[in-house]
Amino acid sequence: MTIDHLTSLHGLPIHDFPAEDEGSGPLPPAGDVAWRLSRNQLLTGEESFETCWNRFLDTVDPAKVRALVLGAGAYGSEADGDDPTETVGRLVAAAGRLTGLEALYLADLNFEECELSWIVQGDVTPVLTAYPRLLELGVRGSGDGFGEGPGLRLTPLRHEHLRTLRLENGGLPGEVARAVAACDLPALRRLDLWLGEEYYGCTTTLADLAPLLDGDRLPALRRLGLRNSEMQDEIAAAVAGAPVVARLTSLDLSLGTLGDTGAEALLGGQPLTHLRELDLHHHFLSEPMMQRLRDALEPSGVKVDLGGREQAEEDEGRYVAAGE
(Lines give C-alpha, C1' and ligand atoms only; values in the text may rest on other atoms or scores of the structure.)
Protein backbone atom coordinates (compact mmCIF):
# COMPACT_ATOMS: atom_id res chain seq x y z
CA MET A 1 0.00 0.00 0.00
CA THR A 2 1.31 3.43 -0.93
CA ILE A 3 1.01 5.88 1.94
CA ASP A 4 0.43 9.39 0.68
CA HIS A 5 -0.10 12.84 2.11
CA LEU A 6 -3.37 13.80 3.74
CA THR A 7 -5.79 15.76 1.59
CA SER A 8 -7.96 16.92 4.46
CA LEU A 9 -8.06 17.00 8.24
CA HIS A 10 -10.99 17.65 10.54
CA GLY A 11 -13.18 18.30 7.51
CA LEU A 12 -10.86 21.03 6.24
CA PRO A 13 -8.81 20.92 3.01
CA ILE A 14 -5.05 20.83 3.35
CA HIS A 15 -3.21 24.02 2.45
CA ASP A 16 0.58 24.04 2.29
CA PHE A 17 2.15 27.01 4.01
CA PRO A 18 4.28 28.55 1.25
CA ALA A 19 8.04 28.85 1.29
CA GLU A 20 9.65 32.26 1.65
CA ASP A 21 10.35 32.52 -2.09
CA GLU A 22 6.86 31.54 -3.29
CA GLY A 23 5.57 35.08 -3.43
CA SER A 24 3.29 37.09 -1.22
CA GLY A 25 -0.13 36.19 -2.63
CA PRO A 26 -3.13 36.18 -0.31
CA LEU A 27 -3.41 33.31 2.14
CA PRO A 28 -6.73 31.69 3.01
CA PRO A 29 -8.39 32.66 6.28
CA ALA A 30 -6.57 30.88 9.10
CA GLY A 31 -9.58 28.83 10.18
CA ASP A 32 -10.74 27.74 6.73
CA VAL A 33 -7.99 25.20 6.00
CA ALA A 34 -5.77 22.63 7.64
CA TRP A 35 -2.28 24.12 7.44
CA ARG A 36 0.54 21.78 6.44
CA LEU A 37 4.07 22.76 7.36
CA SER A 38 6.67 20.67 5.58
CA ARG A 39 10.31 21.46 4.79
CA ASN A 40 13.10 19.16 3.63
CA GLN A 41 16.20 21.25 4.05
CA LEU A 42 18.55 18.31 3.51
CA LEU A 43 17.30 17.55 -0.02
CA THR A 44 16.19 20.94 -1.34
CA GLY A 45 18.09 23.53 0.66
CA GLU A 46 14.84 25.10 1.84
CA GLU A 47 14.55 27.03 5.06
CA SER A 48 14.75 24.90 8.18
CA PHE A 49 11.57 23.64 9.75
CA GLU A 50 12.22 25.82 12.78
CA THR A 51 12.39 28.91 10.56
CA CYS A 52 9.22 27.83 8.76
CA TRP A 53 7.44 27.26 12.07
CA ASN A 54 8.33 30.67 13.46
CA ARG A 55 7.39 32.41 10.22
CA PHE A 56 4.04 30.59 10.18
CA LEU A 57 3.18 31.76 13.68
CA ASP A 58 4.09 35.33 12.74
CA THR A 59 2.26 35.30 9.38
CA VAL A 60 -1.16 33.79 10.11
CA ASP A 61 -3.37 34.54 13.10
CA PRO A 62 -2.45 31.52 15.25
CA ALA A 63 -5.47 31.96 17.50
CA LYS A 64 -7.73 31.22 14.51
CA VAL A 65 -5.87 28.12 13.28
CA ARG A 66 -8.15 25.10 13.71
CA ALA A 67 -6.14 22.29 12.11
CA LEU A 68 -2.42 21.75 11.74
CA VAL A 69 -0.41 19.10 9.88
CA LEU A 70 3.33 18.71 10.44
CA GLY A 71 5.34 16.95 7.75
CA ALA A 72 8.92 16.67 6.55
CA GLY A 73 11.47 18.50 8.62
CA ALA A 74 9.35 18.31 11.73
CA TYR A 75 9.47 14.53 11.35
CA GLY A 76 11.37 12.02 9.29
CA SER A 77 14.05 9.42 9.71
CA GLU A 78 17.00 9.97 12.00
CA ALA A 79 18.89 11.30 8.98
CA ASP A 80 16.48 13.96 7.74
CA GLY A 81 13.96 14.99 10.39
CA ASP A 82 14.08 16.99 13.59
CA ASP A 83 14.17 15.19 16.89
CA PRO A 84 10.47 14.62 17.70
CA THR A 85 11.13 15.94 21.20
CA GLU A 86 12.05 19.29 19.65
CA THR A 87 8.94 19.29 17.48
CA VAL A 88 6.69 18.50 20.42
CA GLY A 89 8.49 21.19 22.40
CA ARG A 90 7.63 23.77 19.74
CA LEU A 91 3.98 22.75 19.86
CA VAL A 92 3.88 22.97 23.63
CA ALA A 93 5.57 26.38 23.62
CA ALA A 94 3.01 27.69 21.09
CA ALA A 95 -0.06 26.47 22.98
CA GLY A 96 -0.74 29.95 24.30
CA ARG A 97 -0.91 31.25 20.73
CA LEU A 98 -2.68 28.31 19.00
CA THR A 99 -5.66 28.69 21.29
CA GLY A 100 -8.24 27.58 18.72
CA LEU A 101 -6.45 24.40 17.61
CA GLU A 102 -8.89 21.50 17.24
CA ALA A 103 -7.00 18.96 15.13
CA LEU A 104 -3.35 17.98 14.84
CA TYR A 105 -1.58 15.41 12.67
CA LEU A 106 2.04 14.53 13.37
CA ALA A 107 4.32 13.22 10.60
CA ASP A 108 2.42 13.54 7.32
CA LEU A 109 5.13 11.90 5.22
CA ASN A 110 4.68 9.89 2.06
CA PHE A 111 6.82 6.92 1.08
CA GLU A 112 9.13 9.07 -1.05
CA GLU A 113 9.97 11.24 1.95
CA CYS A 114 10.30 8.44 4.51
CA GLU A 115 9.21 4.83 4.78
CA LEU A 116 6.57 4.30 7.46
CA SER A 117 8.84 2.15 9.62
CA TRP A 118 11.63 4.74 9.47
CA ILE A 119 9.58 7.65 10.85
CA VAL A 120 10.99 8.54 14.25
CA GLN A 121 8.43 9.37 16.92
CA GLY A 122 8.56 10.21 20.60
CA ASP A 123 6.29 10.95 23.53
CA VAL A 124 3.05 12.63 22.40
CA THR A 125 1.66 13.04 25.93
CA PRO A 126 2.87 16.66 26.27
CA VAL A 127 0.82 17.63 23.22
CA LEU A 128 -2.41 16.33 24.72
CA THR A 129 -1.59 18.00 28.02
CA ALA A 130 -0.80 21.35 26.38
CA TYR A 131 -3.96 21.31 24.24
CA PRO A 132 -6.79 20.25 26.56
CA ARG A 133 -9.45 21.28 24.02
CA LEU A 134 -7.97 19.31 21.11
CA LEU A 135 -10.62 17.23 19.31
CA GLU A 136 -8.50 15.13 16.95
CA LEU A 137 -4.96 13.74 17.06
CA GLY A 138 -3.29 11.64 14.37
CA VAL A 139 0.23 10.25 14.60
CA ARG A 140 2.12 8.45 11.82
CA GLY A 141 5.12 6.27 12.62
CA SER A 142 6.47 4.72 15.80
CA GLY A 143 10.21 4.28 15.27
CA ASP A 144 12.99 5.08 17.69
CA GLY A 145 16.18 6.93 16.91
CA PHE A 146 18.09 10.00 18.06
CA GLY A 147 20.24 8.32 20.67
CA GLU A 148 18.23 5.08 20.69
CA GLY A 149 15.13 6.85 21.95
CA PRO A 150 12.07 4.85 22.93
CA GLY A 151 10.02 5.70 19.85
CA LEU A 152 6.30 6.41 20.08
CA ARG A 153 5.16 6.75 23.68
CA LEU A 154 2.04 7.82 25.54
CA THR A 155 1.47 8.20 29.27
CA PRO A 156 -2.09 7.44 30.47
CA LEU A 157 -4.00 10.65 31.08
CA ARG A 158 -7.46 12.14 31.15
CA HIS A 159 -8.48 14.34 28.23
CA GLU A 160 -11.97 15.78 28.33
CA HIS A 161 -12.48 16.71 24.68
CA LEU A 162 -10.54 14.38 22.38
CA ARG A 163 -12.96 12.76 19.91
CA THR A 164 -10.60 11.07 17.42
CA LEU A 165 -7.29 9.28 17.99
CA ARG A 166 -5.42 7.71 15.06
CA LEU A 167 -2.10 5.91 15.42
CA GLU A 168 -0.84 4.78 12.01
CA ASN A 169 2.34 2.73 11.92
CA GLY A 170 3.96 -0.49 10.82
CA GLY A 171 4.52 -1.73 14.36
CA LEU A 172 2.56 -0.56 17.42
CA PRO A 173 4.48 -0.89 20.70
CA GLY A 174 2.57 -2.74 23.38
CA GLU A 175 3.33 0.05 25.83
CA VAL A 176 1.39 2.47 23.65
CA ALA A 177 -1.59 0.13 23.25
CA ARG A 178 -1.73 -0.35 27.02
CA ALA A 179 -1.47 3.39 27.58
CA VAL A 180 -4.36 4.08 25.20
CA ALA A 181 -6.44 1.51 27.04
CA ALA A 182 -5.58 3.13 30.37
CA CYS A 183 -6.41 6.68 29.26
CA ASP A 184 -9.62 8.34 30.43
CA LEU A 185 -11.13 9.72 27.22
CA PRO A 186 -14.83 10.32 27.88
CA ALA A 187 -15.49 12.09 24.54
CA LEU A 188 -13.56 9.73 22.24
CA ARG A 189 -15.80 8.60 19.38
CA ARG A 190 -13.22 7.19 16.98
CA LEU A 191 -10.16 5.08 17.76
CA ASP A 192 -8.00 3.85 14.89
CA LEU A 193 -4.96 1.70 15.71
CA TRP A 194 -2.63 0.23 13.09
CA LEU A 195 -0.86 -2.69 14.75
CA GLY A 196 1.60 -3.72 12.05
CA GLU A 197 4.17 -6.49 12.26
CA GLU A 198 6.55 -7.76 14.91
CA TYR A 199 9.43 -7.28 12.48
CA TYR A 200 8.72 -3.54 12.42
CA GLY A 201 8.21 -3.15 16.15
CA CYS A 202 4.74 -4.44 17.00
CA THR A 203 4.70 -5.86 20.52
CA THR A 204 0.96 -5.36 21.05
CA THR A 205 -0.92 -8.48 22.15
CA LEU A 206 -4.59 -9.36 22.43
CA ALA A 207 -4.25 -8.93 26.19
CA ASP A 208 -3.16 -5.32 25.61
CA LEU A 209 -6.32 -4.70 23.58
CA ALA A 210 -8.69 -6.46 25.99
CA PRO A 211 -9.51 -3.34 28.06
CA LEU A 212 -10.60 -1.57 24.86
CA LEU A 213 -12.88 -4.45 23.91
CA ASP A 214 -14.57 -5.22 27.22
CA GLY A 215 -16.82 -2.16 27.01
CA ASP A 216 -15.90 -0.55 30.32
CA ARG A 217 -13.67 2.12 28.77
CA LEU A 218 -14.35 4.87 26.22
CA PRO A 219 -18.09 5.35 26.78
CA ALA A 220 -18.58 7.53 23.68
CA LEU A 221 -16.75 5.20 21.27
CA ARG A 222 -18.67 4.54 18.04
CA ARG A 223 -15.95 3.86 15.45
CA LEU A 224 -13.23 1.31 16.18
CA GLY A 225 -10.35 0.35 13.91
CA LEU A 226 -7.90 -2.43 14.78
CA ARG A 227 -6.10 -2.59 11.48
CA ASN A 228 -3.01 -3.50 9.52
CA SER A 229 -2.24 -6.48 11.75
CA GLU A 230 -0.47 -9.76 11.11
CA MET A 231 -2.79 -11.30 13.74
CA GLN A 232 -6.00 -10.07 12.10
CA ASP A 233 -7.75 -13.45 12.43
CA GLU A 234 -7.11 -13.48 16.17
CA ILE A 235 -8.33 -9.89 16.48
CA ALA A 236 -11.50 -10.77 14.57
CA ALA A 237 -12.14 -13.67 16.95
CA ALA A 238 -11.67 -11.38 19.96
CA VAL A 239 -13.93 -8.72 18.46
CA ALA A 240 -16.63 -11.30 17.72
CA GLY A 241 -17.41 -11.60 21.41
CA ALA A 242 -16.34 -8.15 22.59
CA PRO A 243 -18.96 -6.16 24.53
CA VAL A 244 -17.82 -2.86 22.99
CA VAL A 245 -19.09 -3.92 19.55
CA ALA A 246 -22.73 -3.53 20.55
CA ARG A 247 -22.42 0.24 20.68
CA LEU A 248 -20.32 0.70 17.54
CA THR A 249 -21.58 2.07 14.24
CA SER A 250 -18.36 1.27 12.38
CA LEU A 251 -15.87 -1.59 12.73
CA ASP A 252 -12.63 -1.56 10.74
CA LEU A 253 -10.45 -4.67 10.53
CA SER A 254 -8.87 -3.75 7.21
CA LEU A 255 -5.29 -3.69 5.89
CA GLY A 256 -4.26 -6.89 7.68
CA THR A 257 -4.03 -10.62 7.13
CA LEU A 258 -7.71 -11.49 7.64
CA GLY A 259 -8.63 -14.91 6.25
CA ASP A 260 -11.59 -17.26 6.34
CA THR A 261 -10.87 -18.28 9.94
CA GLY A 262 -11.28 -14.71 11.17
CA ALA A 263 -14.33 -14.07 9.02
CA GLU A 264 -15.92 -17.29 10.31
CA ALA A 265 -15.42 -16.04 13.85
CA LEU A 266 -17.14 -12.76 12.98
CA LEU A 267 -20.12 -14.57 11.46
CA GLY A 268 -20.37 -16.93 14.41
CA GLY A 269 -20.10 -14.26 17.08
CA GLN A 270 -22.48 -11.56 18.22
CA PRO A 271 -24.77 -9.95 15.63
CA LEU A 272 -23.15 -7.25 13.51
CA THR A 273 -26.31 -6.17 11.72
CA HIS A 274 -26.51 -2.96 13.75
CA LEU A 275 -23.33 -1.64 12.15
CA ARG A 276 -23.40 0.96 9.43
CA GLU A 277 -19.96 -0.06 8.13
CA LEU A 278 -17.73 -3.12 8.29
CA ASP A 279 -14.41 -2.41 6.58
CA LEU A 280 -12.36 -5.50 5.71
CA HIS A 281 -10.52 -4.24 2.64
CA HIS A 282 -7.09 -5.74 1.97
CA HIS A 283 -7.91 -9.30 3.02
CA PHE A 284 -7.25 -12.94 2.14
CA LEU A 285 -10.82 -14.26 2.06
CA SER A 286 -12.14 -16.87 -0.31
CA GLU A 287 -14.92 -15.94 -2.72
CA PRO A 288 -17.48 -18.10 -0.89
CA MET A 289 -16.64 -16.42 2.43
CA MET A 290 -16.96 -12.99 0.86
CA GLN A 291 -20.42 -13.91 -0.36
CA ARG A 292 -21.41 -15.22 3.06
CA LEU A 293 -20.45 -11.91 4.64
CA ARG A 294 -22.47 -9.99 2.08
CA ASP A 295 -25.49 -12.24 2.51
CA ALA A 296 -25.36 -11.98 6.29
CA LEU A 297 -24.95 -8.22 6.59
CA GLU A 298 -25.93 -6.27 3.52
CA PRO A 299 -29.69 -7.04 3.74
CA SER A 300 -29.63 -5.23 7.12
CA GLY A 301 -28.07 -2.16 5.55
CA VAL A 302 -24.46 -2.76 6.60
CA LYS A 303 -21.95 -1.36 4.12
CA VAL A 304 -19.33 -4.12 3.80
CA ASP A 305 -16.04 -3.17 2.16
CA LEU A 306 -14.38 -6.29 0.72
CA GLY A 307 -12.13 -4.53 -1.74
CA GLY A 308 -8.51 -5.44 -2.22
CA ARG A 309 -8.62 -9.25 -2.15
CA GLU A 310 -5.01 -10.35 -1.85
CA GLN A 311 -3.21 -13.61 -2.59
CA ALA A 312 -0.75 -15.01 -0.07
CA GLU A 313 2.85 -14.96 -1.23
CA GLU A 314 4.41 -18.36 -1.87
CA ASP A 315 7.41 -17.76 0.37
CA GLU A 316 6.11 -15.41 3.06
CA GLY A 317 2.37 -16.07 3.18
CA ARG A 318 -0.04 -13.29 4.09
CA TYR A 319 1.14 -9.73 4.59
CA VAL A 320 -0.14 -6.48 6.01
CA ALA A 321 -0.78 -3.49 3.78
CA ALA A 322 1.68 -1.18 5.53
CA GLY A 323 4.80 -2.61 7.17
CA GLU A 324 8.02 -1.00 6.06
Would you please name every residue forming a ring pair (Phe, Tyr, Trp, His ring centres under 6.0 Å) with Phe284, sequence neighbours left out? His282, Tyr319
Using the test ring pair (Phe, Tyr, Trp, His ring centres under 6.0 Å), find all partners of His283 that sit at least two apart in sequence or belong to another chain. none
Who clusters with Ile14? Use side-chain heavy atoms, under 4.5 angstrom, across I, L, V, M, F, W and Y, and order the result by chain and number. Leu6, Leu9, Val69, Tyr105
According to the ring-ring contact (aromatic ring centres under 6.0 Å, His included) rule, which pairs have a member within residues 227-263, sequence neighbours left out? none
Please name all residues satisfying side-chain hydrogen bond (donor to acceptor under 3.5 Å, both in side chains) with Asp58, sequence neighbours left out, ordered by chain then number. Arg97
Any ring-ring contact (aromatic ring centres under 6.0 Å, His included) involving residues 190-215? Give me the pairs, sequence neighbours left out, ordered by first then second residue. none
Can you run down the ring-ring contact (aromatic ring centres under 6.0 Å, His included) pairs that involve residues 246-281, sequence neighbours left out, and say none if there aren't any? none
Taken in chain and number order and not counting sequence neighbours, the residues that satisfy side-chain hydrogen bond (donor to acceptor under 3.5 Å, both in side chains) with Thr129 are none
What side-chain donor-acceptor pairs closer than 3.5 Å can you find for residues 88-96, not counting sequence neighbours?
residue, atom, partner, partner atom, Å
Arg90, NH1, Asp82, OD2, 3.1
Arg90, NH2, Asp82, OD2, 3.1

Please set out all donor-acceptor pairs under 3.5 angstrom arising from side-chain atoms of residues 216-223, sequence neighbours excluded.
residue, atom, partner, partner atom, Å
Arg217, NE, Ala181, O, 3.1
Arg217, NH2, Ala182, O, 3.0
Arg217, NH2, Cys183, O, 2.6
Arg222, NH1, Pro219, O, 3.4
Arg222, NH1, Ala220, O, 3.3
Arg223, NH1, Glu277, OE1, 3.2

Which residues satisfy the salt bridge (Lys or Arg N to Asp or Glu O under 4.0 Å) test with Glu136, sequence neighbours excluded? Arg166
Could you give all pairs that pass the ring-ring contact (aromatic ring centres under 6.0 Å, His included) test and reach residues 55-100, with sequence neighbours left out? Phe17-Phe56, Trp35-Phe56
